[in-house]
Amino acid sequence: MNFIWDKITEWLKGLLISGIMGNLEGLFDSVNEKINEVAGTVGATPQSWNGSVFNMIKSLSENVIVPIAGIILTFVMCYELIQMVIDKNSFHDFETFMFFKWVFKTFLAVLIVTNTWNIIMGIFDVAHNVVNQAAGVIVSEASLDISNVVTDMEASLQAMDIGPLFGLWFQTLLVGMISWILSVCIFIIVYGRMIEVYLVTSLGPIPLATMANHEWGHMGQNYLRSLLALAFQAFLIIVCVAIYAVLVQTISVESDVIAAVWTCIGYSVLLCFTLFKTSSLSKVVFGAH
């Protein structure tokens, strides 16, 4: 009977080890693929990321939003003129220079609105340059491979009993599902940011049309802060990936299979969480609301 039981145990053990090795093979491939795409995606400018979408958004902005911005600009500058006249003690302290000042401010306001896309693309070009320099300096190998994390993995599994092997097999199934979810989350965060870039830039002429007025100008100032935060969010994302790459290298000496697997998934969850937080952190840095 002991011989039969040993054979059954050996068969189950081989089956579980084969299943665990199959589950661990390419476990983090989807996460690695998305992480490797991060630098190229977040470092791209709006026009280089997708030219077709960029041209569509630019066309909508110039044909739909700019005329509305022109109406708002007219209202704002008329309001500015009324304020300038009233502030001069109800015409008792009247200066002709006031009109030259108003004409100059109107000229600057029109210049800003008509060059909205040049201003916006200039901000993203600066951020693009910063991100590319950062990527060349700090980003190292950030790919996870569980076979490199745990040396002699199959030998380590052979030394385990049936119970721990079954538990590890179930955990690898769970980790595989979590890994797939994390890759989807990274995709949503990175590509969602680019979509947000297009949405924010499409409305650019409207807030910039208010820049010439002291009271209404806060709208344009907040817009520029938000635009800077969105552009330099890419830099924070690159830093997050660099920190993740360093953390990945620190688990290369793990010998416990279970601990190594959950450490890897823990770092991946941490990366996903920090990528999600980069949006609010960049807004805090630039004082955007």
Colleague: Please find the pair of heavy atoms, one from R193 and one from L230, that lie closest to each other, and give the distance.
Modeller: NH2-O, 3.0 Å

Colleague: Can you sort out the partners of S48 under side-chain hydrogen bond (donor to acceptor under 3.5 Å, both in side chains), two or more places apart, ordered by chain and number?
Modeller: T45

Colleague: Table please: side-chain donor-acceptor pairs of residues 64-81 below 3.5 Å, with sequence neighbours left out.
Modeller:
| residue | atom | partner | partner atom | Å |
| --- | --- | --- | --- | --- |
| T74 | OG1 | G70 | O | 2.9 |
| Y79 | OH | Q83 | NE2 | 3.4 |
| Y79 | OH | E215 | OE1 | 2.9 |
| E80 | OE1 | N213 | ND2 | 2.5 |
| E80 | OE2 | K105 | NZ | 2.4 |

Colleague: Please check if atom CH2 in W49 has more than 12 non-hydrogen atoms from other residues, nucleotides or ligands closer than 6.0 Å.
Modeller: yes

Colleague: Provide the full list of salt bridge (charged side-chain N to carboxylate O under 4.0 Å, His left out) pairs with a residue in residues 260-273, sequence neighbours left out, each pair given once.
Modeller: none

Colleague: List for me each residue that meets side-chain hydrogen bond (donor to acceptor under 3.5 Å, both in side chains) alongside D125, sequence neighbours excluded, and say none if there are none.
Modeller: none

Colleague: Measure the CE-CD distance between M194 and E196 for me, rounded to the nearest 0.5 Å.
Modeller: 10.5 Å

Colleague: Would you list the pairs meeting side-chain hydrogen bond (donor to acceptor under 3.5 Å, both in side chains) in which at least one residue belongs to residues 269-280, sequence neighbours left out?
Modeller: Q233-T278

Colleague: Can you confirm whether V285 sits close enough to F232 that some side-chain heavy atom of one is under 4.5 Å from a side-chain heavy atom of the other?
Modeller: no

Colleague: Tell me, please, which residues at least two apart from F187 pass ring-ring contact (aromatic ring centres under 6.0 Å, His included).
Modeller: Y191

Colleague: Has Y198 got more than 12 heavy atoms of other residues, nucleotides or ligands less than 6.0 Å from its OH?
Modeller: yes

Colleague: What residues form a ring-ring contact (aromatic ring centres under 6.0 Å, His included) with Y223, not counting sequence neighbours?
Modeller: none

Colleague: Applying side-chain hydrogen bond (donor to acceptor under 3.5 Å, both in side chains) as the test, list every pair that has at least one member in residues 53-70; sequence neighbours left out.
Modeller: S59-N63, S61-W117

Colleague: In the hydrophobic clustering (ILVMFWY, side-chain contacts below 4.5 Å, transitive), which residues join L199, or is it alone?
Modeller: I195

Colleague: For I181, give me all partners under side chain to side chain contact (heavy atoms under 4.5 Å, CB included), at least two apart in sequence or on another chain.
Modeller: M177, C185

Colleague: If you round to the nearest 0.5 Å, how far is CZ of R225 from NZ of K283?
Modeller: 13.5 Å

Colleague: Side-chain donor-acceptor pair under 3.5 Å between N222 and H218, yes or no?
Modeller: no

Colleague: Rounded to the nearest 0.5 Å, how far does CD1 of I119 lie from CG of L227?
Modeller: 10.0 Å

Colleague: Identify, with sequence neighbours excluded, every residue that meets side chain to side chain contact (heavy atoms under 4.5 Å, CB included) alongside V184.
Modeller: W180, I188

